[in-house]
Each structure stands twice: as structure tokens, then as C-alpha cells.
J.: 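Got a structure here, written out as C-alpha cells. Questions coming.
Quick caveat: nothing in here was measured; it's all calculated off a predicted structure.
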Amino acid sequence: TLEYMTMVVEPQLVEPEIDVTGAGFAAAVASVRDCAAGLSSSVAMLPPAAAKTVLGALAALREDIARVEVAVVAHFERLGAPKLAGARSTEAWLEAHAHKSGWAAKQTTKAVAASRSAVVRDALSRGDLAVEQAALLAPIVARVGDGRCPVEELAALVRAAAGQSVWHT
């Protein structure tokens, strides 16, 4: 039988402090990347019947990472990082610093815009909403912000979308 090594990352409870250089966050990301790289050696042992489960798990992981990226970009945008870097827009900043294509940067910034709504932000953080779904909701979030659409309509759309994502496993 094939046995997989289970990696459990235990959070270290420390006093909250500002990660001035981002080194702590980057180290945590590097640890996740090391875990992902370790999976490569197991690929040859997968039978055809595992395809749906394995591909679904990988899609869920990609979506989790995309949600973290949206939260990070939203945070840096609130701090004015794109402007401080001299970028003409958050999209341009993402193209330069995250090596995203123009289309991918636009999708991320739309999801960031949608996450300004607590309804969308909370659904993203719970994993009920995919980043692509959030990006599609950005115009509605703008309408709610302008008072042209009741927040209840947005909440109903978020509830309807919850669990409809292919990544929701």
C-alpha cells in the first residue's frame, strides 16, 4: 500500500509584531512551497482512479493561495504600496512585482475591489467564494457602495454562489 507522509504545520503562538521586512511571511510561504515540492515524488504512485480527487485537491490548494493573495494585495493597497513603488495602478504594480499577466492582474484587482465589502471578504475568508467569483461581483459591490443596490442583493448573490465553485470540495 502507498502511504503518504502527513505534514502538520503547528502554528507558533508568539506576541504579535509587525513583520517589517516580510521575512516571516515569506518564510511561511517557503515552508508551504517545500511541502508542495515534496508531493512531486508521489505522483508516479497515483492510479487513474485518483485523478478526480487529486486534481480537486490541487484546485482547492490553488484557490486557497489565490484567496491569500487577494488579502495580501488588499492589505498592501490600503497601505499605498503600489503608489509608493511609483506604479500607475495596482494592476501595473502586480504585473511588475507579482509577475502577473495583465489579465491576471486585472482579475486580482477586481477581486480586491469586491473584497472591500464585508459580505464578499467574509465569504472569501471562509472559502465559500472563489476569487474568480469575487472578481465578477466587483461591479455589484461598487453599486452597493454608491447606494444604487441594496447590500441584501449582494448577500443573496454571495449565498447563491457559495459552494458552486469547482474548488469547493
Side-chain angles (χ1 to χ4, degrees), residues 1-14 19 22-78 81 90-91 93-95 97-141 153-169:
T1 63
L2 177 64
E3 291 185 36
Y4 289 93
M5 183 172 83
T6 303
M7 295 182 208
V8 177
V9 178
E10 303 239 355
Q12 299 292 320
L13 297 176
V14 295
D19 185 1
F25 192 88
V29 170
S31 174
V32 171
R33 291 183 69 206
D34 288 344
C35 289
L39 293 172
S40 295
S41 62
S42 302
V43 171
M45 304 301 289
L46 294 169
K52 181 178 179 183
T53 300
V54 170
L55 292 173
L58 289 172
L61 176 61
R62 274 192 312 275
E63 186 58 33
D64 289 344
I65 296 297
R67 286 186 191 103
V68 171
E69 182 180 46
V70 167
V72 166
V73 172
H75 173 72
F76 284 140
E77 194 176 67
R78 280 191 303 278
T90 301
E91 285 176 41
W93 180 72
L94 284 170
E95 288 178 48
H97 294 282
H99 309 292
K100 286 186 165 280
S101 69
W103 182 86
K106 184 173 234 22
Q107 289 302 110
T108 300
T109 56
K110 284 181 179 181
V112 167
S115 75
R116 292 184 190 118
S117 161
V119 172
V120 173
R121 186 175 51 253
D122 292 347
L124 278 169
S125 69
R126 285 190 311 270
D128 290 343
L129 201 60
V131 169
E132 288 179 355
Q133 291 169 317
L136 290 171
L137 292 171
I140 298 164
V141 169
E153 280 187 36
L154 174 62
L157 286 170
V158 169
R159 279 192 306 275
Q164 299 301 311
S165 169
V166 295
W167 302 285
H168 202 289
T169 56

J.: Sequence neighbours left out, what passes ring pair (Phe, Tyr, Trp, His ring centres under 6.0 Å) with H97? Give chain and number order.
T.: W93
J.: Taking atom CD1 of I65 and atom CZ of R62, what is their separation to the nearest 0.5 Å?
T.: 11.0 Å
J.: What closest approach, in Å, do V119 and V158 show between heavy atoms, and which atom pair accounts for it?
T.: CG1-CG2, 3.8 Å
J.: Between A113 and V141, what is the shortest heavy-atom contact and its length?
T.: O-CG1, 3.9 Å
J.: Which heavy atom of L124 sits nearest a heavy atom of S115, and at what distance?
T.: CD1-CB, 4.1 Å
J.: Could you pull out all residues at least two apart from D122 that satisfy side chain to side chain donor-acceptor pair (under 3.5 Å)?
T.: none
J.: Can you name the side chain to side chain donor-acceptor pair (under 3.5 Å) partners of E69, sequence neighbours left out?
T.: K100
J.: Report the residues that fulfil side chain to side chain contact (heavy atoms under 4.5 Å, CB included) with A28, sequence neighbours left out, ordered by chain and then residue number.
T.: none
J.: List the residues meeting side chain to side chain contact (heavy atoms under 4.5 Å, CB included) with L157, not counting sequence neighbours, and say none if there are none.
T.: L137, I140
J.: Between atom OG1 of T108 and atom CD of E132, what is the distance when rounded to the nearest 0.5 Å?
T.: 10.0 Å
J.: Show me the pairs that pass salt bridge (Lys or Arg N to Asp or Glu O under 4.0 Å) and involve residues 102-117, at least two apart or across chains.
T.: E77-R116, E91-K106
J.: Please lay out, stage by stage, how V68 and F25 fare under the test side-chain contact (heavy atoms from CB on, under 4.5 Å).
T.: CA-CA 12 Å; V68 171; F25 192 88; 4.1 Å; yes
J.: Is there a side-chain contact between L94 and V73 in this structure, where contact means two heavy atoms from C-beta onward sitting under 4.5 Å apart?
T.: yes
J.: With sequence neighbours excluded, what pairs up with V32 under the side chain to side chain contact (heavy atoms under 4.5 Å, CB included) test?
T.: none
J.: According to side chain to side chain contact (heavy atoms under 4.5 Å, CB included), who are the partners of S101, at least two apart in sequence or on a separate chain?
T.: W103, A104
J.: Let me confirm one number: the CZ-CG distance from R159 to L154, rounded to the nearest 0.5 Å.
T.: 9.5 Å
J.: Show the numbers, then the answer: is there a side-chain contact (heavy atoms from CB on, under 4.5 Å) between L39 and V43?
T.: CA-CA 7 Å; L39 293 172; V43 171; 5.9 Å; no
J.: With a 3.5 Å distance limit and no angle check, can you tell me whether S117 reaches the backbone of A114 through a side-chain donor-acceptor pair?
T.: no
J.: Could you list the residues that satisfy salt bridge (Lys or Arg N to Asp or Glu O under 4.0 Å) with R126, not counting sequence neighbours?
T.: D128
